[in-house]
Each structure stands twice: as structure tokens, then as C-alpha cells.
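Note on naming: letters A, B, ... go to the chains in the order of the sequence lines (proteins, then strands), and numbering restarts at 1 for each one.
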Amino acid sequence: MSSLQPVRGTHDLLPDENRRHRRVIDTVREVSGRYGFDEVTTPIFEKTEVFARTLGDTSDIVTKEMYTFEDKSGDSITLRPENTAGVARAFISGGLAQSLPLKFIYQGPMFRYERPQKGRQRQFHQVGAEILGVESALADVEIIALGAHFLDALGVLDQATLELNSLGDSDSRAAYREVLVDYFSSHKDKLSEDSRERLGRNPMRILDSKDQGDRVIIADAPQIADSFNDTSKAFFDAVLAGLETAGVAYTLNSKLVRGLDYYCHTAFEFTTDALGAQGALVAGGRYDGLIKQMGGPQTPGTGWAAGVERLAMMIEKPEDAARPIAMIGLGDEAEVKALTLTQQLRHAGFRVELGYSGNMKKRMKRANNVNAAAAVIIGDDELAKNVATVRDMETGDQLEVPLASLEDHLARYR
RNA sequence: GUGGCUGUAGCUCAGUUGGUUAGAGCGCCUGGUUGUGGUCCAGGAGGCCGGGGGUUCAAAUCCCCUCAGCCACCCCA
């Protein structure tokens, strides 16, 4: 047991795990490309205000989960807890309002100071997609369709449910908030302590409380749809109609809310019960007010983010790397020849593992451990005859092959 | 920040009511094979029993503290 441990909530991605992550990221790149998305990368840290101003002063992310520090110039810097604010900042900094609409994906590490548990770490990875500058509900339809397509390509869509809700526009949302506060206030004495706290800070959050007592009260709470004005209702109807046309199955969930302040209208989550308490695989919604709130031009946006670790846990084990050819040189002169041949074969497109040290037995064992399809053995005998001994690692058959035709012979193991 | 469970070899785990030198499987190393892996046989290395303190003639085992891991709450991807 080593005393040198990684920082709590961080993990090394060793090759097997790395392959899983890569599969998730490769998949989002490939699928989103078909929808016309391009990848952007923003810094993993930003000035603290980028997150503090946009995520809402009362959100837990801002109040207790940010990794914030002062750099040597005295600026307050924060490791990004999510990437939508970073993309919005890049949109403003780069003057991208000239080239709307924009469709971006991103991927990379995010940081939140939380207690680790299943599917949750302090440094974790997200992939995300954003459409900027489209007022039409069609953008929401496309962004959700992309999410479904992405999960399908990973082979996990059948284990996921698309839950959908609308928060309405800011007027509807404010009106709903009022009736909701009235309702819950009249039952305040029966609410859980957590929910009483939420009543003042973020009353809509009470709706997804897990407390049994709360659930009884929530069951009779006013529905958000009853507070919708015509605009909000029309927008939501358009999203639903679009999803049906696009062939994306959904379940309405009027209790689905968003923790972050900048969301409006469409809110959705692809959830699963395969990962314990952490059900959200892909989550997002519309954020028409965000960019303006950050000081940019009024620009609508819609998007989602997905947890790479969570998806990596759900996908089938990716295939092992292709089997290499093991190159074994025995003796000083032969080792030089082996290196020459190795580079020649690599440039010809073969995967070649060069044995570094040890006797024949050791090198053969190494060849076996790297799952080599064949071993190419060069010793003094071979050198003298200008041949190589090629051993098929599966059958154990081996034969001498003239160096001139080595590439042709090895083609079968490629 | 709160709660529950768990920390023994590189990995997965045994270890009795506290009692001699803490074990197994897998992996690793050496040999059986002078230039042949994967199977087989023989042998070997590897442990401050998470860390600290306490109780006791005696602690992996009991008590306290602490750290870490897992799971759950809050919150969230």
C-alpha cells in the first residue's frame, strides 16, 4: 500500500479506462459532425466572475463546490465546474455574434469540490454540445436528437429515458415561482428541513426532493404548465412536435427542474437507473438569458452536457488494441538489424513491439504478454542467411522468411 | 458539510473466543529448456495487517482519534 495517493476525487485513467473514455469522445465527435457541429476548446480555468455571475449566487456550485484560488497577479481564478459559461465567454471575447448560428461541441475535465461517490468525482470529464443564436424550437429538437443519437451510437440509449419539461419563459417562470411559494408556504410545517431551506433559495428544487414526506406534498403542488403564457406553451408544443417528427421518444416530467439560473423553456435529462443514485447521463436545456447576463448581445442558446465517466461505465468494453508483431533481436549485430527492420515495418504501417532486453525466453514471454500475433526473430544464424524466423504466436508454427519478402509475409498479421 | 460500510502481498480475498513464524488464488521472479511464449512441474521473492494512540503478559483481532476508499444525503454530468 503506497502512501502516495492521488488527490481525493481524482483518478488516473490507465489504458483500459482510457480506451473507454476515448470511445465516448470519439463517438460524440463523429455523431455531432453529422449534425454540423465543430469542436471548441476553452481554458480549464477562467476568472471567477465568469462562473459566479452566471451560475447564480445561491447555487451550490458557486457557494461550495468551486476550486477557486488567487493567482500571482492577485486575480481570482476558478477551475471550470462546467463549460457552458466558458463557451459563452469565448463567444463574447471572440466577437462570434457575427457568425451566428453556431454549433459547438467540447470535451474535457471539469472540477467540483464534492464528496466522491458512484459516478461522481472532483475532477471529472464532460462532453457537451451547444447551439447559439437560434430562437426556434428547432434548435432544441436538434440538440436533443443529437443527444439521443449519441447515446444510441454508444449502445446505451435502450437503458436511458429522455425526461422532458419546460420551465417557460421568464414571465411564466416568475408567475409559477409565486404560486409555488404560496403552496409550499402553506405546508411549510410538514416540509423537510432541506426543503424549507429551498423554499427561500430555490423553491422549484423542492419538486425533485427525495424526502418521502415532501413527496406527499409535492404530489398536489401546482403544475408549471398551468402558469404558462401563450409564448411558453407554443414553444413547448413546437419542441414536442419536432421530437415526434424526428423520432425521438420522450417522457414528460413536470418535476424536472434545473439548478442553474440561466435556464428557460426546455429542460431535459437522459436518465438511467443503471448507475445507482447518479441517474443523469446527458442533461441540458435552453439558456436564452445567459450571454446577455454576461455582458454580451442578447443571444439565445440551447445545449447539454454529459458525464464521460458515467457513460464509460455503461458502454461495452472496447476492443483491445490491434495485435502487434514482436521483433526479437539476439546478439549485438542482430539487435541493430532488428531496430532497422522495426522502423521499416512501422513506416509500412505495421504495429511493432521491439524487445528491449533479456534472453530469448524473456522476450518471447514479453511477446506473449503484449498479445503479439507473430514474432520475428533475428539471430546470428538468420543474419548470415539474410532471413528472419517468423513464429505464428497462435499456432506456434515458424518458418524462415527472406528479409526481402518479410513485409509481404507479415501482411496476414496486420 | 452529514450519515452508513470497508481498509491484510501488485490484484481479489481468508485469518476462529485476542495466543508461537499472518495465509490462499492470480500475477511476478528463477529453474526444468544452449535460440522459443501461451499449458505443465519444482522452487522463490514480496506484508509496519492504512496511520497514530490506548487496553493487555500478549492486538490484524478490543477501544479512541485520524486518513483513505466505497455507497447514500445535499447538490449535480
Task: Protein-nucleotide distance (A/Leu154, atom CG; B/A77, atom P), rounded to Å - done: 19 Å
Open item on the list: Can you tell me which nucleotide in B/A77, B/C73, B/U30 comes closest to the side chain of A/Gln117?
Closed with: B/C73
Would you tabulate the nitrogen or oxygen pairs shorter than 3.5 Å linking the protein to nucleotides 3-5 of chain B?
residue : atom : partner  : partner atom : Å
B/G3    : O6   : A/Arg115 : NH2          : 3.3

Task: A/Glu269 CD - B/C75 P separation (whole Å) - done: 13 Å
TODO: Find the runs of at least 3 consecutive base pairs, i with j, i+1 with j-1 and so on, that include RNA chain B, using Watson-Crick or G-U wobble geometry with both distances under 3.5 Å.
DONE: B:1-7 with B:67-73, B:10-13 with B:23-26, B:28-32 with B:40-44, B:50-54 with B:62-66
Open item on the list: Any N or O donor-acceptor pair under 3.5 Å from the base of B/G37 to the side chain of A/Asn368?
Closed with: yes
Open item on the list: Without decimals, in angstroms, what is the distance between A/Leu275 CG and B/A77 C1'?
Closed with: 11 Å
Task: Mutual orientation of the aromatic rings belonging to A/Phe236 and A/Phe228 [parallel < 30°, tilted 30-60°, perpendicular > 60°] - done: perpendicular
TODO: Rounded to the nearest angstrom, tell me the gap between atom NZ in A/Lys365 and atom P in B/C40.
DONE: 11 Å
- [ ] Can you check whether any acceptor in the base of B/A77 is under 3.5 Å from a donor in the side chain of A/Arg120, or vice versa?
- [x] no
TODO: State whether the distance check finds a donor on one side and an acceptor on the other, under 3.5 Å, for side chain A/Arg391 versus base B/G37.
DONE: yes
Could you list all N or O pairs between the protein and nucleotides 32-35 of chain B that sit under 3.5 Å apart?
residue : atom : partner  : partner atom : Å
B/G35   : O6   : A/Asp381 : N            : 3.3
B/G35   : O6   : A/Asp381 : OD2          : 3.0
B/G35   : O6   : A/Glu382 : OE1          : 3.2
B/G35   : N1   : A/Glu382 : OE1          : 2.9
B/G35   : N1   : A/Glu382 : OE2          : 3.0
B/G35   : N2   : A/Glu382 : OE2          : 2.8

